[in-house]
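A note on names: the letters A, B, ... follow the listed sequences, proteins ahead of strands, and every chain is numbered from 1.
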Amino acid sequence: MNEFFLKVYEIVRKIPRGRVSTYGAIARYLGTTKSSRLVGYAMNLSHQYDPSIPAHRVVNRNGLLTGKHHFATPTLMQELLEAEGILVKDNKVQNFDKVFWDPSKML
DNA sequence: GGTGTGACCAGCT
DNA sequence: AAGCTGGCCACAC
């Protein structure tokens with residue numbers, strides 16, 4: 001477990017309920033904008049290291065649910081988001097600019 | 001211990 | 001305006 005992953009998880013846990021963030025925003029906050037892929041990779045492994053990480057609150061920069069296939073079922077991610085009051089349509093978060101949570105501004 | 005592989009993004013054609 | 005390319009780096013095999 002290295003520091004990068006730990007920081008990623010730490011930030012994801014801080015995403016408020018009913019808000020979402022992006023891989024790029026998290027990477028940028030950590031000062032490693034170009035390593036945004038690692039953030040996605042971290043999410044991929046998050047379930048085995050620490051299940052309490054709300055990976056469903058992290059989407060790509062367009063608000064697209066690119067990672068839904070990595071959940072238990074392809075619909076689970078959307079269901080979790082909708083359960084928090086986030087509207088999802090066509091694999092995409094609606095009102096994305098409204099629910100977007102930017103760690104570099106909010107922390 | 002080298003190589004391939006991403007839940008991505010920005011910049012260039 | 002839309003598609004392609006490169007970079008990034010931990011991890012599994």
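- Contacts of A:Leu65 with the nucleic acid, taken as non-hydrogen atoms under 4.0 Å apart, are absent.
- A straight line from CG of A:Leu76 to P of B:dA7 spans 17 Å, rounded to a whole angstrom.
- For the side-chain contact (heavy atoms from CB on, under 4.5 Å) criterion with A:Val20, the lone passing option out of A:Leu65, A:Ile15, A:Leu81, A:Val88 is A:Leu81.
- Here the P atom of nucleotide B:dC9 and the OH atom of A:Tyr41 are 18 Å apart, to the nearest Å.
- Between A:Phe5 and A:Tyr9, the ring planes lie perpendicular to each other; the angle is over 60°, past the 30° to 60° tilted range.
- A side-chain donor-acceptor contact under 3.5 Å links A:Gln94 to the backbone of A:Lys92.
- At C:dC8, none of the side-chain N or O atoms of A:Thr32 fall inside 4.0 Å of OP1 or OP2 (strictly under the cut-off).
- Between B:dA7, B:dC9, C:dA10, one nucleotide has an atom nearer to the side chain of A:Asn2 than all others, and that is C:dA10.
- Contact annotation: the side chain of A:Met77 approaches that of A:Val59 to within less than 4.5 Å [non-hydrogen atoms, C-beta and beyond].
- Protein atom CZ of A:Arg61 is 8 Å distant from nucleotide atom C1' of B:dA10, rounded to whole Å.
- Side-chain contact between A:Lys7 and A:Tyr29 is absent, with no heavy-atom pair separated by less than 4.5 Å.
- Counting to the nearest Å, the P atom of B:dT5 and the CG atom of A:Asn44 are 15 Å from each other.
- A:Asn60 comes within 4.0 angstrom of the backbone, heavy atoms only, and of no base.
- Near DNA chain C, defined here as any heavy-atom distance below 4.0 Å, there are no residues from residues 81-106 of chain A.
- Inter-residue side-chain proximity for A:Trp101 and A:Leu107 is flagged as met; some heavy-atom pair is nearer than 4.5 Å.
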Using the rule given for side chain to side chain contact (heavy atoms under 4.5 Å, CB included), can you reason through A:Val8 versus A:Met43, listing the C-alpha separation, both sets of side-chain angles and the distance that settles it, and then say yes or no? CA-CA 9 Å; A:Val8 170; A:Met43 292 304 100; 3.5 Å; yes
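- With rounding to the nearest 0.5 Å, the separation of OG1 in A:Thr33 from CD1 in A:Ile26 is 12.5 Å.
- Using a distance-only test at 3.5 Å, with no hydrogens or angles considered, no donor-acceptor pair links the side chain of A:Ser36 to the main chain of A:Tyr23.
- Atoms CD (A:Glu3) and P (C:dC9) sit 14 Å apart, rounded to a whole Å.
- Between the side chain of A:Arg19 and the backbone N or O of A:Val99 there is at least one donor-acceptor pair closer than 3.5 Å.
- Taking atom CG on A:Leu38 and atom P on C:dC11, their separation rounds to 9 Å, with Å as the unit.
- One interatomic measurement links the two molecules: CE of A:Met43 to P of C:dA10, which rounds to 15 Å at whole-angstrom precision.
- Residue A:Arg37 is in base contact, counting any heavy-atom pair closer than 4.0 Å across all strands shown.
- Applying the 3.5 Å distance criterion, the base of B:dC8 shares a donor-acceptor pair with the side chain of A:Ser36.
- Toward the 5′ end of DNA chain C lies the nearest nucleotide of A:Thr33, the other residue of the pair A:Phe4 and A:Thr33 mapping further downstream.
- Straight-line distance from the NE2 atom of A:His70 to the P atom of B:dT5: 15 Å, rounded to whole Å.
- Interface residues of residues 17-31 of chain A facing DNA chain C, ordered by number: none; criterion, heavy-atom separation under 4.0 Å.
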